[in-house]
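Report on the following structure.
This chain uses plain numbering: 1 for the first residue, then up along the sequence. A quick note: this is a predicted structure, and the numbers were derived from the prediction, not measured. The figures here come from the full heavy-atom set of this structure, side chains too, leaving out hydrogens, waters and symmetry mates. Just so you know, ligand 1 is whichever comes first in the structure, and atom 1 is the first atom listed for that ligand.
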Amino acid sequence: MIAELDKKYLWHPFTPTDLWLAEDYRPVVIVGGEKSWLIDEQGNRYLDGNSSIWTNIHGHCNAAINGAIKLQLDKIAHSSFLGLTNDLAPILGKRLVELGANDELTRCFFSDDGATAIEAALKITYQYFEQNGQPQRKKFISLSAGYHGDTVGAMSVGHSKLFHHCYKNMLFESDEVMSPYCYRCPFNKAKPQKADARTYVQCGRECLSLVEKKFDANGDRTAAWVIEPRVQGAAGFIMHPEGYLQQSCAVAQSHGAMVILDEVMTGFGRTGELFAWQKEQVSPDLVALAKGITGGYLPLAATLVKEKLFDGFRGEVSRTFFHGHSYTGNQLGCAAALASLDLLIDADGERARKDIEAAFRAAHERFWQLTHVGDVRQEGCILAVEVVKDFATRGAFDAKLRIGARICEAAQKYGLLTRPVGDVLLLMPPYTTTKDEVNLMVGALCRAIAEVTENL
Ligand SMILES: Cc1ncc(COP(=O)(O)O)c(C=O)c1O
């Protein structure tokens with residue numbers, strides 16, 4: 001009944017219409033959640049393998065976050081942030097700034113989601129240069145196949161061929177640099193091995209030379225280097241080689257450009273540190289945060305910036321940042337975020353992340369037993385498995401076969417819900433996931449990979 005209503009009235013994001021509407025397609029209807037589990041209308045239970053599209057960090061129906069929202073709801077749900085403040089947002093701003101543990105990121109601009117956090121970062125940077133004596137800095141440089149959200153600005157720095165090509169003429173021009181994707185790098189001379197490609201890559205670090213070249217050519221006209229630190233999620237969980245983040249950011253900053261880090265997916269502990277940039281010596285000028293900020297409960301986002309950027313908007317009224325959203329600083333979102341941050345920095349929370357990381361490491365070998373696994377890569381609590389047609393040549397399956405999607409459909413039967421990016425399969429569960437639950441997820445994914453790829 002609900003599925004029929006859905007098919008009749010709704011339109012889903014990133015969902016091929018005809019596949020969704022096919023008569024024999026029965027979508028899973030989620031009616032409940034409990035820690036790392038999702039429950040459908042028939043009472044079937046599934047492990048939430050991708051944290052409900054990378055958002056949930058402390059599990060579903062978390063007592064502390066539920067309690068904080070309920071408490072806030074009886075006071076007020078929302079009031080405007082234009083010319084007013086509230087009793088939670090400034091506390092959250094302070095906590096986020098302190099969590100960054102970077103004395104230079106001192107201001108927080110709230111918005112609604114990942115795309116708007118990036119959009120704000122781009123516009124702040126652009127306007128900062130425009131009104132502070134460097135109006136020639138109008139260019140943005142970012143990685144190929146990047147993904148920063150679906151608003152026009154976020155798409156413009158995205159360079160995702162599949163997602164963005166149709167909008168090409170509506171986007172502003174931005175410069176693209178090759179992603180440091182060791183497994184598929186054209187400069188990598190190493191033969192495939194059953195190991196994370198970053199550990200056996202043979203190259204001359206050409207990926208960094210390309211960044212240098214781009215900045216040598218355009219550095220003085222560049223406003224910012226925009227990058228998902230260490231892991232490019234929607235590009236296929238491309239994990240960058242050690243040092244790339246630090247060195248590429250150093251190149252950008254040596255040319256006077258800002259560094260905008262998109263921590264929308266990597267933030268709040270996913271990569272093993274609270275933020276991915278803390279794994280390398282980087283001093284970002286702006287950082288976009290969303291998804292896990294509220295524990296995955298409510299749409300709230302933040303752009304953290306250095307004081308010098310904020311100062312660049314002081315003075316005449318005309319220097320104001322004329323940008324904002326109706327739900328900026330929303331109290332329910334702030335209440336959820338504050339409760340979520342408490343859980344995040346708690347010693348138990350840290351231990352839980354370490355346990356997931358270790359359980360994932362122990363699982364690599366199980367994936368390597370499978371003929372069609374080409375790369376297994378891990379960054380903290382993020383595990384990505386790339387399946388290929390031919391291990392020896394790294395040859396991909398024909399995209400029309402939808403191998404990644406079919407594997408995830410098969411995994412549902414074994415109690416796992418996750419979504420692939422092409423033929424890259426992802427496990428990135430809430431931190432409530434136990435070692436036994438990681439093993440269940442890995443088992444379900446291995447069975448599904450074998451079932452789909454070995455019967456072709
Ligand atoms: C790195 C990154 N940036 C930005 C976004 C956009 O976030 P949202 O979907 O909340 O707008 C995403 C979404 O997946 C993302 O992974």
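- Not one N or O of V264 is nearer than 3.5 Å to an N or O of ligand 1, by distance alone.
- Using a cutoff of 4.0 Å between basic side-chain nitrogens and carboxylate oxygens, R402 and E409 are scored as salt-bridged.
- The distance from the CZ atom of F129 to the OG1 atom of T222 is 9.5 Å, given to the nearest 0.5 Å.
- For atom 4 (C) of ligand 1, the nearest non-hydrogen atom from the set E228, E263, H148 belongs to H148.
- Of the candidates D262, T151, V231, D262 brings a heavy atom nearest to atom 3 (N) of ligand 1.
- Between Y327 and H78, the ring planes are tilted. Angles from 30° to 60° get that label.
- In terms of polar-atom proximity, G149 is not counted as a contact of ligand 1, lacking any N or O under 3.5 Å from an N or O of the ligand.
- Looking only at heavy atoms of the protein, atom 11 (O) of ligand 1 is closest to A115 N, 2.9 Å.
- Looking at S142, its side chain never comes within 3.5 Å of a backbone N or O of V226 through a donor-acceptor pair.
- The atoms of ligand 1 that sit less than 4.0 Å from any heavy atom of M265 are 16 (O).
- With respect to atom 12 (C) of ligand 1, the closest heavy atom belonging to the protein is Y147 CE2, 3.6 Å.
- Listed by number with element, the atoms of ligand 1 under 4.0 Å from a non-hydrogen atom of W54 are 14 (O), 16 (O).
- Below 30°, between 30° and 60°, or above 60°: for F215 and H255 the angle between ring planes is between 30° and 60°, a tilted geometry.
- Between D175 and K139 a salt bridge is recorded (basic side-chain N to carboxylate O distance below 4.0 Å).
- The shell of residues lying under 4.0 angstrom from ligand 1, judged by heavy atoms, excludes I118.
- Polar contact check, K291 against ligand 1: a nitrogen or oxygen pair lies under 3.5 Å apart.
- The CZ atom of F187 sits 9.0 Å away from atom SG of C207, with the distance rounded to the nearest 0.5 Å.
- Counting only heavy atoms of the protein, atom 10 (O) of ligand 1 lies nearest to G114 N, 2.8 Å.
- Using cut-offs of 30° and 60° for the angle between ring planes, the Y181 and Y183 rings count as tilted.
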